[in-house]
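Here the structure comes first, spelled out in structure tokens, and everything after it is commentary.
Atoms within each ligand, like the ligands themselves, are counted from 1 in listed order.
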Amino acid sequence: MSSKKPDSRTPLISGNWKMNHNHFEAIQTIQKLAYALNPEDYDHVDVSVHPPFTDLRSVQTVLQADEVPISLGAQNCHWETSGAFTGEISPAMLAKLDVSYVIVGHSERRELFGETDEIVNRKLKAVLAAGMTPILCVGETLDERQAGAAEAKVDGQIAGSLAGVKADVVAAMVVAYEPIWAIGTGETATSSDAQQMCAHIRSRVADTWGADTAGSLRIQYGGSVKPSNAPELMSQPDIDGALVGGASLVADDFARIVNYRLYQA
Ligand code: PGA
């Protein structure tokens with residue numbers, strides 16, 4: 001299933017800062033980004049930034065004071081609201097900081113911190129219960145792709161991570177397809193490979209939750225997105241946004257990705 005993008009799927013360009021930028025650097029970066037973007041740029045895209053937890057309050061303060069229409073995002077959270085979970089941050093705490101989007105199931109969380117689909121599912125439901133939007137990451141390793149198992153891996157992640165989530169809720173969510181071999185490697189999936197998997201995800205979602213839900217769901221591509229490849233990736237019919245790591249750390253690069261439409265053929 002591949003469709004022309006409906007207007008409801010406003011592109012979402014998200015910057016995942018990972019474990020980069022202390023709160024001073026974060027303030028500088030968000031100020032530069034706000035300066036690099038014009039008010040009309042936000043008419044075409046939604047923009048979110050996902051700083052480390054220690055930067056959230058600082059970035060929130062800048063966005064609020066300057067009335068910058070960039071959404072605040074987080075990179076992870078726990079599934080409980082409060083309690084004896086040393087070192088964890090709850091969805092309620094993030095919501096209180098005006099966080100709108102929370103990345104769940106990033107491949108680095110899955111691979112380096114042992115997050116299973118079951119854990120991701122719990123986190124995703126907790127994010128929703130706190131009134132925020134999850135950005136659910138899925139994607140295959142290089143071995144899985146070479147073995148022809150990429151779609152099966154992604155199907156399993158979708159089914160497990162979204163288990164028990166209702167259609168109208170899935171419709172308003174974001175899924176990020178991030179092939180693990182393309183993250184931080186400089187290797188990007190070709191735009192047609194990326195399109196193919198995003199279309200596949202949409203059709204799997206249609207099978208389980210219906211065509212309307214699949215038609216509304218925003219699907220991002222992530223993995224070495226740069227100013228140079230964003231225009232072509234974003235021109236694909238089933239790619240509704242980008243989850244950007246490395247290139248989101250430099251305000252001017254990220255602003256060029258946000259403004260990909262100005263560079264489209
Ligand atoms: P990258 O990271 O853009 O540095 O490849 C993407 C991501 O991990 O979300």
Test item: side-chain donor near acceptor, Ser71 and Ser48, under 3.5 Å: no

Donor + acceptor pair across side chains of Arg57, Gln60 (<3.5 Å):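 Yes, a side-chain donor-acceptor pair sits under 3.5 Å.
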
Residue part near ligand 1, for Ser248, under 4.0 Å between non-hydrogen atoms: neither

Part of Asn16 with heavy atoms under 4.0 Å of ligand 1, whether side chain, backbone, both or neither: side chain

Judging by distance only, is a nitrogen or oxygen of [X] under 3.5 angstrom from one on ligand 1?
| X | result |
| --- | --- |
| Ser224 | yes |
| His106 | yes |
| Gly222 | no |

Looking at [atom], what's its closest protein heavy atom, distance included?
| atom | answer |
| --- | --- |
| atom 3 (O) of ligand 1 | Gly245 N, 2.8 Å |
| atom 4 (O) of ligand 1 | Gly246 N, 2.9 Å |
| atom 7 (C) of ligand 1 | Glu178 OE2, 3.2 Å |

Rounded distance (nearest 0.5 Å) linking atom CG of Asp253 with atom OG of Ser248: 9.5 Å

Distance in Å, Ile135 CD1 paired with Met173 CE, rounded so as to fall on 0.5 Å steps: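 Rounded to the nearest 0.5 Å, the CD1-CE separation comes out at 9.5 Å.
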
Considering only heavy atoms of [X], which atoms of ligand 1 have at least one such atom less than 4.0 Å away?
| X | result |
| --- | --- |
| Gly223 | 5 (O) |
| Ala182 | 5 (O) |
| Gly184 | 1 (P), 4 (O), 5 (O) |

Worked verdict on Gln28 versus His21 for side chain to side chain donor-acceptor pair (under 3.5 Å): CA-CA 9 Å; Gln28 275 189 343; His21 289 341; over 6 Å; no

Full working for side chain to side chain donor-acceptor pair (under 3.5 Å) between Asp117 and Gln157: CA-CA 6 Å; Asp117 286 330; Gln157 289 177 321; 5.0 Å; no

Test item, Ala176 contacting ligand 1 (heavy atom, 4.0 angstrom):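 The answer is no, since Ala176 has no heavy atom less than 4.0 Å from ligand 1.
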
Test side chain to side chain donor-acceptor pair (under 3.5 Å) applied to His200 and Asp238, step by step: CA-CA 9 Å; His200 173 80; Asp238 285 290; over 6 Å; no

Matching residue for Lys18 among His50, Gln75, Glu108 - test: side chain to side chain donor-acceptor pair (under 3.5 Å): Glu108

